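Before any comments, here is the structure.
Counting starts at 1 for both ligands and their atoms, following the listed order. Side chains included, hydrogens not; waters and symmetry mates left out as well; all remaining heavy atoms used. Source: prediction; values computed, not measured.
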Amino acid sequence: MTEKPALSVVAPCFNEEGVLPAFLSRVGAVLDRLGGTSEIVVVDDGSRDGTWQAMVKAAAHDPRIVAVQLMRNHGHQLALTAGLSVCRGERVLIIDADLQDPPKLLPDMMVLMDQGADVVYGQRRARRGESLFKRATAAAFYRLIGRMTDVEIPLDAGDFRLVTRRVLDLLLAMPERHRFVRGMVAWIGGRQVALPYDRQPRAAGESKYPLGKMIRFAADAITAFSVVPLMASMTIGWIMAAVGFAFFVYSIVGWLLGLNLPGWTSLMAAIGLLGGMQFLMLGIIGAYLGRLYDQSKGRPLFMIREIVGGPK
Ligand code: UDP
Ligand code: MG
């Protein structure tokens, strides 16, 4: 292989034959203006249209283009991860293929990175050409996850961002299977800088994120970054245990005062005590399972940004 390029552009593509030529020429033009060595890694995420043929054709004409074909459709986040693991640049731009994220912002992102940013993420000021439903669900999602996690995941930012090789290597070293890339990048930390922009309408074709995929995406994000659902099971466990115990006491007191029908006391006391204990035990199992889950994600315990001084 030849020398490593200074910059890689990585775009996942699913049934994007309609936008691919425009995407490649727009990105190519921006790279030409920037100068320096670069590559464009496009990943065909099991498309059923002519996306792959278009990629192969483009790669034959432009040596900067690297086309990657996945075996089948793996979904946006994994297709992106495939591209990120193939790219070799010192800096990496993550971008959608549909031109909703304008490639012309790249020079501004490069300047912010020259000034020391580890990550420059595009933050959506406006979302043009997207349905009210899409905008409302997206806004709700970013606010919900913001409240449910300690990680500072920026509001209204997609995966459109420029990251350093250092951040990319840390990201790729995280072995978790359900990947919420923008959250993982936020979790890494370092100097993360926002660049506000107006999201454009899709250049061609339709959104490749139907409702089912959106729900799965949100579920992956929340379970990977929040223990709130787990804590809820613990809280409910304690409440039910208290209610069950109160019921137990109530039935015993009734029995002592001779108010209960024969047989009612033992039945209700057992239901109250056992029911309460079961909920509490479920909560406790949940807490251990949560820790096991955290451990199994295999994320690094800490990440060093820089070391200065010491022996060379
Ligand atoms: N995408 C993908 N695999 C999928 C779905 C989407 O690689 O299963 C790509 C798609 O080609 C696009 C990006 O992910 O480059 C974002 O998808 P889309 O624009 O459809 O999402 P939206 O902007 O509507 O949220
Ligand atoms: Mg899009």
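- Counting heavy atoms under 4.0 Å from ligand 1, residue Asn15 does not touch it at all.
- For the residues Asp45, Asp101, Asp96, the heavy atom positioned nearest atom 16 (C) of ligand 1 is part of Asp96.
- Atom NZ of Lys297 is surrounded by more than 12 heavy atoms from other residues, nucleotides or ligands within 6.0 Å.
- A donor-acceptor contact closer than 3.5 angstrom is absent between the side chains of Tyr121 and Asp159.
- Note on ligand 1: Ala11 sits outside its first shell, no heavy atom being nearer than 4.0 Å.
- Selection from Gln100, His76, Arg202 by nearest heavy atom to atom 18 (P) of ligand 1 gives Arg202.
- Residue contacts with ligand 1, taken as heavy atom pairs separated by less than 4.0 Å, involve Lys213 solely via side-chain atoms from C-beta onward.
- Among all protein heavy atoms, the one lying closest to atom 12 (C) of ligand 1 is Glu16 OE2, 3.5 Å.
- In this pair, Tyr209 and Phe217 present their aromatic rings perpendicular. The plane angle is above 60°, beyond the 30 to 60° band.
- Ligand 1 has no N or O atom lying under 3.5 Å from any N or O atom of Glu206, backbone or side chain.
- Look at Gln100 and the Mg ion (ligand 2): an N/O/S atom of the residue is under 2.8 Å from the metal.
- The proximity of Lys208 to ligand 1, defined as any non-hydrogen pair under 4.0 Å, involves the side chain as well as the backbone.
- For residue Asp98, an N/O/S atom approaches the Mg ion (ligand 2) to within less than 2.8 Å.
- Residue-level proximity to ligand 1 for Arg199 is carried by the side chain, the only part with a heavy atom below 4.0 angstrom.
- Put simply, the side chain of Leu144 reaches to within 4.5 Å of the side chain of Ile222, judged on heavy atoms.
- Among all non-hydrogen protein atoms, the one lying nearest atom 24 (O) of ligand 1 is Ser207 OG, 2.6 Å.
- Between Arg199 and Glu130 there is a salt bridge, since a side-chain N of the basic residue sits under 4.0 Å from a carboxylate O of the acidic one.
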* Stepwise side-chain hydrogen bond (donor to acceptor under 3.5 Å, both in side chains) test for Ser8 and Glu39 -> CA-CA 5 Å; Ser8 298; Glu39 64 176 0; 2.6 Å; yes
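- Ion pairing between Arg179 and Asp220 fails under the 4.0 Å rule for side-chain N and carboxylate O.
- The pair Arg48-Glu17 does not meet the salt-bridge criterion, since no charged nitrogen lies less than 4.0 angstrom from a carboxylate oxygen.
- Among Ala97, Pro12, Gly83, the residue whose heavy atom sits closest to atom 9 (C) of ligand 1 is Pro12.
- The single protein non-hydrogen atom nearest to atom 19 (O) of ligand 1 is Asp98 OD2, 2.5 Å, given as residue, atom name and distance.
- Using cut-offs of 30° and 60° for the angle between ring planes, the Phe247 and Trp264 rings count as tilted.
- Nearest non-hydrogen protein atom to atom 25 (O) of ligand 1 is Lys134 NZ, 2.8 Å.
- In terms of polar-atom proximity, defined here as any N/O pair under 3.5 Å, Ala79 makes no such contact with ligand 1.
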